[in-house]
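One structure is given here, and the rest of the page talks about it.
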Amino acid sequence: MSNKIKIVLFEDTPETRSSVLKALKKHLRRAGSVLPFGGFKESAEENRMFEDRIQDILNTRPFLGTTLIVADRDLSKSVPEDFRGLSVSAVAAAANRLAIPICSYAGLTEPDNYDWRGRWEEGFIVLSLREGDDELARRAVIAARGFAQISAKLPQVLRKSSSTSPATILAALLGNPEYADKIALYAVGNPHRLAELRPKKSTPKGEDTRRLGCFLGYWLWDSVLRYPGLLVNAVAAASYLNLSARDFADPKVRSVFDSAVYDGPFADSENPHWWRGMLDDIVSSEHSANGLELVRKKVKPRAKGSRCYVDPSKEAGYYCVIERKPVSLENSKGGVSWLPRGADLARVGKPSYDEYAPWLGVV
Amino acid sequence: MSGRTVTPPHAVSDAYVGLLEAFRAAVEDAGMTVKLPSRAVSASFIASGSTTAVFARSLYLRNWPDRRMPRSQRLDLVVSALETFQTLTWSLTKSTVYLNYLVETSDVAVQLVQSLHFDFTANGQDCHPFFHVQLNDEVIAEQYIRDLRSESFDVELRPPKDRQISSVAMSIPTPDMTLASVLYCLVAHHLPGVFPAFAKRVHTIQNRLPLVGFDALRNSMMKSCHFKSSHWFAHMPSLA
């Protein structure tokens with residue numbers, strides 16, 4: 001596979017296609033190319049199933065070697081006309097056969113406050129147009145770069161690794177083999193994903209590695225990076241360190257924790273993550289009780305602590321995955337069955353819990 | 001136990017996470033369940049002095065198998081660990097692990113049938129073997145299971161009806177019975193079917209667990225001495 005990124009866009013509304021295409025090109029710069037799905041001639045019969053036809057098309061130039069597919073959820077107006085009625089599921093089925101990762105996005109009208117749900121089982125990365133074409137494209141390019149990084153590094157990791165455990169392989173890919181046990185706690189028992197891991201006798205050379213790369217990428221994006229535990233987003237990091245969001249956003253304060261910033265696949269400089277264990281070591285090596293004490297000692301004597309969004313009189317420490325806010329242990333619930341076990345900082349705030357408990361699968 | 005949490009080095013909290021997860025996996029592999037507090041393990045280190053912190057965590061094991069128990073009777077276990085660290089070096093200076101065996105009396109209450117606590121203090125305690133177990137008839141104090149209580153663990157732990165003869169037993173010398181060893185022995189005794197896999201899994205974790213300071217005992221063992229039990233009191237200089 002070439003090191004250049006190749007993104008294929010499935011979008012059935014011409015105006016949106018044009019604007020998303022432009023935004024994707026802008027964010028991709030010279031790292032690769034973006035192709036809209038279309039402009040091809042099919043040699044085979046066109047009354048076959050969509051996924052069979054898409055699979056064949058993606059397997060030929062100029063689509064061959066696609067890094068990532070970006071697809072609108074609603075493709076019902078698809079052109080050329082004989083693709084009318086196309087759905088993202090058919091695109092995903094073709095992509096899955098070829099081990100090409102897929103990002104699907106929802107239109108402006110679809111509410112996006114369901115982001116806290118486990119998307120893992122849907123079989124693709126879910127983005128939204130809610131924040132505009134540019135943000136969608138920025139995130140899609142981050143996804144494409146991440147999958148490309150994984151593809152480039154995976155063969156070398158597999159050569160060196162004696163283990164076939166996905167957690168061990170992912171930990172090695174992330175350059176932190178010591179976190180393999182922690183990553184294993186993010187394993188989600190999903191039979192659909194299991195199929196991606198099973199070697200197939202008839203697959204062409206390299207496809208199993210591609211398939212594993214696809215699996216690891218989805219796992220990293222949709223579980224390890226999503227739910228705070230091993231890695232923490234800005235809100236969760238501030239909460240864990242006992243720092244107010246405002247203080248944690250202060251560049252002076254952030255610089256204290258610079259060495260813990262995550263820079264692996266899917267790293268996003270606008271929405272960074274930090275290695276939680278490295279945050280611990282930064283705090284502990286300075287003999288401080290927590291991040292607040294360290295920051296007050298080193299850079300900002302008047303820094304404030306993190307407050308629970310349910311009861312601001314309490315220290316937070318955890319992260320509500322529904323409200324995406326700092327929450328205290330007392331005002332939240334853990335043990336939600338769809339949260340990975342490794343995500344020990346991810347909880348559900350009591351108000352949300354009371355509202356959604358019957359659907360949350362609390363164990 | 002409540003108070004200000006302290007951030008330990010990642011390696012220390014990580015070793016506990018590994019141990020507790022291996023234990024949970026073993027229990028689940030055996031078809032049983034363990035109730036653990038859902039608070040992060042790293043949040044279980046509580047400041048106990050300017051240079052000390054206590055790792056406080058408890059577990060509830062419901063309906064555990066035991067060779068001596070009739071199947072019709074439910075046996076529950078409650079474990080509570082209090083392990084004290086010197087926070088400059090993060091070495092383990094003290095450990096007390098409480099273990100209660102209880103039998104079901106109703107859906108909401110269990111009665112104590114055996115209570116033990118395993119003790120260790122780096123400098124030793126006068127007239128106590130260095131590592132020892134003490135039998136008594138006391139249920140684990142509520143303050144030590146507060147982390148479980150905050151997670152809707154509402155089973156009432158009742159003392160035995162009659163005072164147990166075991167409560168007058170002497171302190172019995174043991175090997176290192178800090179939390180890791182207690183969990184290890186619990187799996188070995190109650191869940192022998194999954195013990196080999198558990199032992200293999202925790203083997204790599206053992207070296208990451210905090211070092212226990214036992215210089216006096218080690219020095220004593222190095223010397224030749226016919227009365228071997230004296231080793232267990234080597235921390236008392238007057239006996240040296």
Side-chain angles (χ1 to χ4, degrees), chain A residues 168 176 178-187 228-230 232 236 239-242 260 275-294 305 315-319 327-336 339-348 362-363, chain B residues 2-25 28 33-53 57 60 85-90 146-153 201-205 207-208 210:
Chain A
T168 305
N176 283 302
E178 69 275 21
Y179 288 140
D181 288 348
K182 281 264 176 71
I183 292 174
L185 297 179
Y186 277 84
L230 179 69
V232 283
S239 178
Y240 181 62
L241 291 165
N242 189 20
W275 289 101
R276 187 259 203 91
M278 292 185 193
L279 292 176
D280 285 348
D281 286 344
I282 291 169
V283 171
S284 171
S285 65
E286 296 285 340
H287 302 296
S288 299
N290 56 34
L292 179 64
E293 194 179 298
L294 173 65
E315 249 179 45
Y318 295 85
Y319 176 80
V327 73
S328 61
L329 185 77
E330 300 87 334
N331 286 299
S332 61
K333 288 279 181 184
V336 179
L339 284 175
R341 198 173 275 170
D344 58 345
L345 299 179
R347 297 176 69 89
V348 177
V362 178
V363 291
Chain B
S2 60
R4 193 173 58 108
T5 56
V6 178
T7 306
H10 178 64
V12 174
S13 56
D14 192 45
Y16 277 102
V17 171
L19 171 71
L20 291 167
E21 280 303 326
F23 182 73
R24 186 212 295 255
E28 289 176 357
T33 57
V34 51
K35 185 170 182 62
L36 286 159
S38 68
R39 74 164 59 186
V41 170
S42 57
S44 295
F45 292 85
I46 314 293
S48 59
S50 59
T51 58
T52 54
R57 192 110 177 147
Y60 171 55
F85 291 86
Q86 216 278 11
T87 54
L88 292 174
T89 57
W90 284 94
R146 214 171 269 162
D147 55 351
L148 275 178
R149 289 294 189 211
S150 65
E151 305 274 344
S152 59
F153 170 65
R201 191 165 173 196
V202 295
H203 186 71
T204 55
I205 299 168
N207 288 341
R208 293 191 276 137

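For residues 9-18 of chain B, the salt bridge (charged side-chain N to carboxylate O under 4.0 Å, His left out) pairs, not counting sequence neighbours, are A/K182-B/D14, B/D14-B/R208.
Proximity to chain B is limited to the side chain of A/E293, based on heavy atoms less than 4.5 angstrom apart. The part of B/P8 that comes within reach of chain A is its backbone (N, CA, C, O), which places non-hydrogen atoms under 4.5 angstrom from that chain. With a 4.5 angstrom heavy-atom cutoff, A/N290 touches chain B via backbone and side-chain atoms both. At a 4.5 Å heavy-atom cutoff, the contact between A/L185 and chain B is made by side-chain atoms alone.
Nearest heavy-atom pair, B/S42 versus A/Y240, reported as atom, atom and distance to 0.1 Å: OG-OH, 3.2 Å. Nearest heavy-atom pair, B/A40 versus A/D344, reported as atom, atom and distance to 0.1 Å: CB-OD2, 3.6 Å.
Here the OG atom belonging to A/S328 is positioned 11.0 Å from the CZ atom belonging to B/R39, to the nearest 0.5 angstrom.
Top candidate by heavy-atom pairs under 4.5 Å with chain A, chosen from B/T204, B/I205, B/V12, B/L88, is B/L88. The candidate with the highest count of non-hydrogen atom pairs below 4.5 Å against chain B, out of A/R347, A/R341, A/H287, A/E330, is A/R341.
Between A/D181 and B/E21 the shortest side-chain heavy-atom distance does not fall below 4.5 Å. Using a 4.5 Å heavy-atom cutoff, the side chains of A/N242 and B/T5 are not in contact.
When each of A/V283, A/D280, A/I282 is paired with B/H10, the side-chain contact (heavy atoms from CB on, under 4.5 Å) condition holds for A/D280 and for no other.
A/S288 pairs by the side-chain hydrogen bond (donor to acceptor under 3.5 Å, both in side chains) definition with A/K297, not counting sequence neighbours.
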